[in-house]
Amino acid sequence: MASKQPVVEAPNIWAVAQQQFDLAADKLDLDDGMRRVLRVPQRELTVNFPVTMDDRSVEVFTGYRVQHNVSRGPGKGGIRYHQDVTLDEVRALAMWMSWKCAVVNIPYGGAKGGVIVDPKKLSTREVEGLTRRFATEISPLIGPDRDIPAPDVNTNAQTMAWIMDTYSMHHGYTIAGVVTGKPIAIGGSLGRNEATARGAVFTLLSWAKATGTSLEGLRVAIQGYGNAGSIAATLLAEQGAMIVAASDSSGGIHAPRGLDPAKVGAWKSEHGTVVGFPRADEVSNQEILEVDCDVLVPAALENQITRHNAPRIKARVVAEAANGPTTPEADAILHDRGVFVIPDILCNAGGVTVSYFEWVQDMQSFFWSEDRINESLREIMDRAFDAVYAMSTRHEVDMRTAAYMVAVARVADATTLRGLYP
Ligand code: NAD
């Protein structure tokens, strides 16, 4: 039965996550017991922990680690540091990780973590102290066979190095596989930095193949010129597409005759923003979503495509490199207008897929070439796209519902096969 919770402009993402699950469960005719199991996280750990600040005062921070479902393998999901982190947000992100890992069929369950903190207000030493103590507090849950964190908002390869070191110190030897997204020097993987963008481009290539087109000459607008957005711009240009608009938190630029992604990247490195790039018009972050283009790549934040702008979006295909950029109401509008949406749990799953390769390499202490990584990523992304596209055609549902159906069915299958303990 679908949830009747109203959807507002900035919906509670836990309510949205449950609503999306309900829709897939309805379509799959999932039995009531399984719905009750999968609709809530399996484990939630809240920790309040002290950190000695640089002035020797003691602050207490609150953090969470949530495992939604671990029937298909260890939990997998990032850790974010943000002043607005809530338990509900971490629950939603953990549930989405279960579906994302299942849609690309890698042997992981879903998990997520977060600490309520604005790390920009802390010194590097304070962030290190916070990270090491948080890693210690959640150590009953994490481990290479149990739950494997990764970077998320405001955490990075250095944060992962500190968690890996802390966990290794507890055990007395190096355990590289406890986290992914590490620096290459201590067991990180080649190709991880580009993986999210590369995976998104593979899904666009699959879309082009399925619809009998090619990316050659297509006009692309990219909201968010960070890791995912800027690398997607470069890779799409390599496929012959033309980048006509790009933006970051300061605003956007539009050049109907095309932008050179490398030059835009160099401008951003020098000036801190894409704004001001020569021979381009300025556009706002809302206008960029509505520019005349064939492909729209939201690669910034949640809730960008809403019922207000969805009727005016001109792209034929939306590739969700960001997590949660489209509200459920906007989804329905885009579907009615025939816009093809490649949903986040499929489109940006290249990141977690190469994290999986990193973990496999760490567990085997044998490291792959970048070519092998990119080929294996292509294989997994192509297979995932085909499974979702087939589900969407067979059940006449949009790609998001289809992706949820593929994922929820896989998690439900694993849960059923294992049975309920005891
Ligand atoms: P990032 O921090 O490298 O880049 C984010 C970009 O968005 C920056 O250029 C920033 O200026 C811009 N931005 C911020 N607010 C904006 C706004 N209001 N309008 C337009 N642009 C804005 O982050 P990232 O790693 O590229 O992540 C981007 C999105 O992709 C997030 O939703 C993230 O969850 C998702 N994602 C990333 C990965 C990954 O591996 N990097 C994996 C899966 C999903």
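For ligands, and for the atoms within them, numbers begin at 1 and follow the listed sequence.
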| Part of Glu194 with heavy atoms under 4.0 Å of ligand 1, whether side chain, backbone, both or neither | neither
| query | Strictly by modelled atom types, are Asn69 and Ser98 linked by a side-chain donor-acceptor pair under 3.5 Å? | reply | no
| task | State whether Asp165 and Arg132 are salt-bridged, where the test is any N-O pair (Lys NZ or Arg NE/NH1/NH2 against Asp/Glu carboxylate O) under 4.0 Å. | result | yes
| field | Ion pair Arg39/Asp22, N-O distance below 4.0 Å | value | yes
| query | According to the interplanar angle, ranging from 0 to 90°, do the rings of Phe61 and Phe49 count as parallel (below 30°), tilted (30 to 60°) or perpendicular (above 60°)? | reply | tilted
| query | For atom 10 (C) of ligand 1, what is the nearest protein heavy atom, given as residue, atom name and distance? | reply | Ser249 N, 3.9 Å
| Sub-4.0 Å protein heavy atom next to atom 27 (O) of ligand 1 | no
| task | Give a yes-or-no answer on whether the side chains of Thr155 and Asp152 include a donor-acceptor pair shorter than 3.5 Å. | result | no
| field | ligand 1 contact on Gln304 by region, counting heavy-atom pairs under 4.0 Å | value | neither
| request: Heavy-atom contacts with Tyr225 under 4.0 Å: which atoms of ligand 1 show up? List them by number with element. | output: 9 (O)
| Which option out of Asn323, Thr196, Val297 puts a heavy atom nearest to atom 38 (C) of ligand 1? | Thr196
| Are Asp413 and Arg410 within salt-bridge range, i.e. N to O under 4.0 Å? | no
| query | Less than 3.5 Å between some nitrogen or oxygen of Gly351 and one of ligand 1, yes or no? | reply | no
| note | among protein heavy atoms, the one nearest atom 21 (N) of ligand 1 is Asp248 C, 3.3 Å
| note | In this structure, atom 6 (C) of ligand 1 is nearest to the protein heavy atom Gly226 N, 3.7 Å
| note | Counting from 1 in the order shown, the ligand 1 atoms closer than 4.0 Å to a non-hydrogen atom of Ser247 are 20 (C)
| Does some non-hydrogen atom of Arg192 fall short of 4.0 Å from ligand 1? | yes
| Heavy-atom nearest option to atom 1 (P) of ligand 1, drawn from Ile288, Asn227, Asn285 | Asn227
| How does Ala299 reach ligand 1, by side chain, by backbone, by both or by neither, if only non-hydrogen atoms under 4.0 Å count? | backbone
| task | Could you tell me if any non-hydrogen atom of Glu302 lies under 4.0 Å from any atom of ligand 1? | result | no
| Phe385 vs Phe340 aromatic rings, parallel, tilted or perpendicular, using cut-offs 30° and 60°? | parallel
| task | Considering only protein heavy atoms, determine whether one is less than 4.0 Å from atom 41 (N) of ligand 1. | result | yes
| request: Using heavy-atom distances, let me know which of Cys347, Ala300, Ala228 sits nearest atom 29 (C) of ligand 1. | output: Ala300
| Any donor-acceptor N or O pair under 3.5 Å, side chains Gln286, Asn309 | yes
| said: If the cut-off is 4.0 Å to any non-hydrogen atom of Ala321, which atoms of ligand 1 fall inside it? | reply: 30 (O), 35 (C), 36 (N), 44 (C)
| field | Test salt bridge (Lys or Arg N to Asp or Glu O under 4.0 Å) applied to Arg383 and Asp386, step by step | value | CA-CA 5 Å; Arg383 212 181 300 146; Asp386 291 348; over 6 Å; no
| Salt-bridged, Arg43 to Asp147, with N to O below 4.0 Å? | no
| Within reach of ligand 1, part of Leu301 (heavy-atom separation under 4.0 Å) | side chain
| request: Decide, yes or no, whether a salt bridge links Asp292 with Lys314 under the criterion of side-chain N to carboxylate O below 4.0 Å. | output: no
